> 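There's a structure below that I have some questions on.
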Amino acid sequence: MKQRNHPINGALSLLLITAFAILSLLLVLIGVRAYRAVTAISEENQRLRISFSYLANKVRSAPDGVLLETREGIPVLALAEQVNGNTYETLVYFSNGELREQFAKAGQDFAAENGEAITELEACSFSMEEERLCVSVVDSGGTPHTMTLTLPSVEQEVR
Amino acid sequence: MQRKNLILPELLVNVLFFALAAAILVQVFALAYSEGLKNRVKTEAMLRVQNVVEEVKADPCSAETVLLAAGFQTGHGRIFCSYDAEWNAAANGRYEISLELRQTPAETGHLFEIAVACTDLELEETMASLSTSVYQRGAG
């Protein structure tokens, strides 16, 4: 009555467990790759959206217009506003792989490293064409994206 | 002894269950990846639609001339431009940005109604659309 345990049963079980372990590991590796790709794409999208919507909102809500200036060799968008009779400026510029913002009293010395980082970008440039401000952003994949904003009154100035 | 014989079927059931879970998981990963790519295209589409709207809002009277110079075409009462998958202007491309501009005369000027949309011609799906209106005094 005693049933003999066939050696092939044990070997098959071991083979199954090994195949299962290998395939599980493979699946985890595929999953990690897919997850990284998905998060990279969504992060890139988010960076692009944040930088463009931040710039569009800043420029559209600038009460005294927008100036494109060059300070310390860096192209800077200067948005002036009056606070308690004093003129303050919001300076938006790209430096060290980051889009930065600096809020200071007009006429103060400009130091790029003092600005607050908004978002990381591969490259960002500003240009004025007639009454339009063109913002070009390059994503980490090297793809350029351009946004055009129509301004009521713009001037170009080099300091 | 009866318990020992059950090891192989148990294992097979487990492996089958995990294979099914893995298949579902791979499908979900693929879907998430394609959704991410789709979102990237939508962002670009919205950006381009916004740019066309800004271009028209700047000067609605000469918008058609400016857009035609930028590679747009006219037909069926609209101005359009098609792009390939890499967003380069191309005839019979995958994406199409179309603009409908309606001009209504008013007492002291003209009201311009602007509607811009970006369509994925392959999926026949609107990726992004914006509509706005601009009033211009004395325009014609």
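Chain identifiers are assigned alphabetically (A, B, ...) following the order of the sequence lines, protein sequences preceding nucleic acid strands; residue numbering begins at 1 within each chain. Only a predicted model underlies this, so the values are computations on that prediction, with no experimental measurement involved.
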> Given that the side chain runs from C-beta out, which part of B/Glu55 has a heavy atom under 4.5 Å from chain A: side chain, backbone, both or neither?
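Looking at B/Glu55, backbone and side chain both touch chain A.
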> For A/Tyr93 and A/Phe110, take the angle between the two ring planes, folded into 0 to 90°, and tell me which bin it lands in: parallel under 30, tilted 30 to 60, perpendicular over 60.
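Rings of A/Tyr93 and A/Phe110: perpendicular, as their planes differ by over 60°.
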> Flag the one option from B/Ala19, B/Ala32, B/Ser34 with the top tally of heavy-atom pairs under 4.5 Å to chain A.
B/Ala32
> Before accepting this row, confirm whether a basic side-chain N of the pair B/Glu122/B/Lys38 lies closer than 4.0 Å to the acidic partner's carboxylate O.
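Judged by the 4.0 Å cut-off on N to carboxylate O distance, B/Glu122 and B/Lys38 do not form a salt bridge.
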> Does the pair B/Arg48/B/Glu44 count as a salt bridge with the N-to-O cut at 4.0 Å?
yes
> Might you work through the side chain to side chain contact (heavy atoms under 4.5 Å, CB included) test for A/Leu133 and A/Leu77, ending with a clear yes or no?
CA-CA 10 Å; A/Leu133 168 71; A/Leu77 279 182; 3.8 Å; yes
> Quick one: pull up CE in B/Met127 and OG1 in B/Thr43 and give me the separation to the nearest 0.5 Å.
9.0 Å
> In terms of relative ring orientation, are B/Phe18 and A/Phe20 parallel, tilted or perpendicular, with 30° and 60° separating the classes?
perpendicular
> Using a heavy-atom distance cut-off of less than 4.5 Å, which residues of residues 29-40 of chain A contact chain B?
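Interface residues of residues 29-40 of chain A: A/Gly31, A/Ala34, A/Ala37, A/Val38.
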> Would you say CG of A/Asn86 has more than 12 non-hydrogen atoms from neighbouring residues, nucleotides or ligands within 6.0 angstrom?
yes
> Among A/Ile17, A/Ile41, A/Leu23, A/Asn45, single out the residue with the greatest number of heavy-atom pairs under 4.5 Å to chain B.
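That would be A/Asn45.
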> Using only non-hydrogen atoms and a strict under-4.5 angstrom cutoff, which residues of residues 136-146 of chain A touch chain B?
A/His145, A/Thr146
> So, applying side-chain contact (heavy atoms from CB on, under 4.5 Å) with B/Ile97, which one of B/Leu67, B/Val116, B/Asn51 is it?
B/Val116
> Hey, could you give me the CD/OH distance between B/Glu96 and B/Tyr83, rounded to the nearest 0.5 Å?
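Between B/Glu96 CD and B/Tyr83 OH, I get 10.0 Å after rounding to 0.5 Å.
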> Can you establish whether the number of heavy atoms outside B/Asn92 located under 6.0 Å from its atom CG is more than 12?
no
> Given that the side chain runs from C-beta out, which part of A/Leu149 has a heavy atom under 4.5 Å from chain B: side chain, backbone, both or neither?
both
> The test is side chain to side chain contact (heavy atoms under 4.5 Å, CB included); show your working for A/Tyr54 and A/Val92 and say whether it passes.
CA-CA 10 Å; A/Tyr54 162 78; A/Val92 183; 3.7 Å; yes
